[in-house]
Structures are given as structure tokens and as C-alpha cells.
Amino acid sequence: PKLSGQQLDKARVDVKDLVTALADPKVAFLELPQPQAGEGSGCGGHASIATHKHMGEVLAAELKTRLGW
């Protein structure tokens with residue numbers, strides 16, 4: 001969540017390219033949400049507890065879908 005703009009765009013492309021190159025069905029790309037207004041920020045601009053909670057919820061939902069939990 002600390003990346004934005006061109007840095008985020010480049011990282012997104014690089015990671016997606018790597019996942020594609022691996023061609024392993026056990027490896028997938030999941031983009032976690034950026035911090036939302038009102039979530040605040042943690043120390044040094046890191047994600048806040050609220051943002052971590054939000055990212056965890058997105059990850060859990062994706063795992064449930066992909067793994068049939």
C-alpha cells in the first residue's frame with residue numbers, strides 16, 4: 001500500500017509478468033486495496049491497523065473463493 005502512481009503501475013506489471021512466467025497454478029496475483037480515506041496511517045506512512053484489517057478481509061475472501069473454503 002505504500003506505492004502509488006508510476007511506481008505502483010510498474011510493480012503491478014512486474015509481479016503479474018512474474019506470475020505469468022512461473023505458469024504455476026498454485027501462484028496467483030491478488031492486488032490488495034490501497035488505504036482508504038478515514039483509515040489513517042501507521043508509523044512512517046505504513047498502513048494502519050484498519051488498512052491491514054481491510055487487506056486481510058480481501059485476502060480471506062479471495063482464499064475462500066479460490067480454495068472453496
Single-linkage hydrophobic cluster, 4.5 Å side-chain cutoff, V27 and L30 together: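 Shared cluster, no.
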
Cluster overlap V15 with L8, hydrophobic side-chain contacts below 4.5 Å: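 Shared cluster, no.
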
I49, CD1: over 12 other non-hydrogen atoms inside 6.0 angstrom: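 No.
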
Candidate pair Q34 and L3, rule side chain to side chain contact (heavy atoms under 4.5 Å, CB included), full reasoning: CA-CA 9 Å; Q34 291 292 309; L3 296 179; 5.7 Å; no

Min side-chain heavy-atom separation D9-R12 under 4.5 Å: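 Yes, at least one pair of side-chain atoms sits under 4.5 Å.
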
Side-chain touch M55/L59, heavy atoms, less than 4.5 angstrom: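 A side-chain contact under 4.5 Å is absent here.
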
Side chain S48, main chain G42, donor-acceptor under 3.5 Å: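 Absent.
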
Over all atoms of both residues, closest heavy-atom pair of F29 and R66: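 That closest heavy-atom pairing would be O-NH2, 3.7 Å.
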
Intermediate values then yes/no, side chain to side chain contact (heavy atoms under 4.5 Å, CB included), H52 and L32: CA-CA 10 Å; H52 280 280; L32 295 174; over 6 Å; no

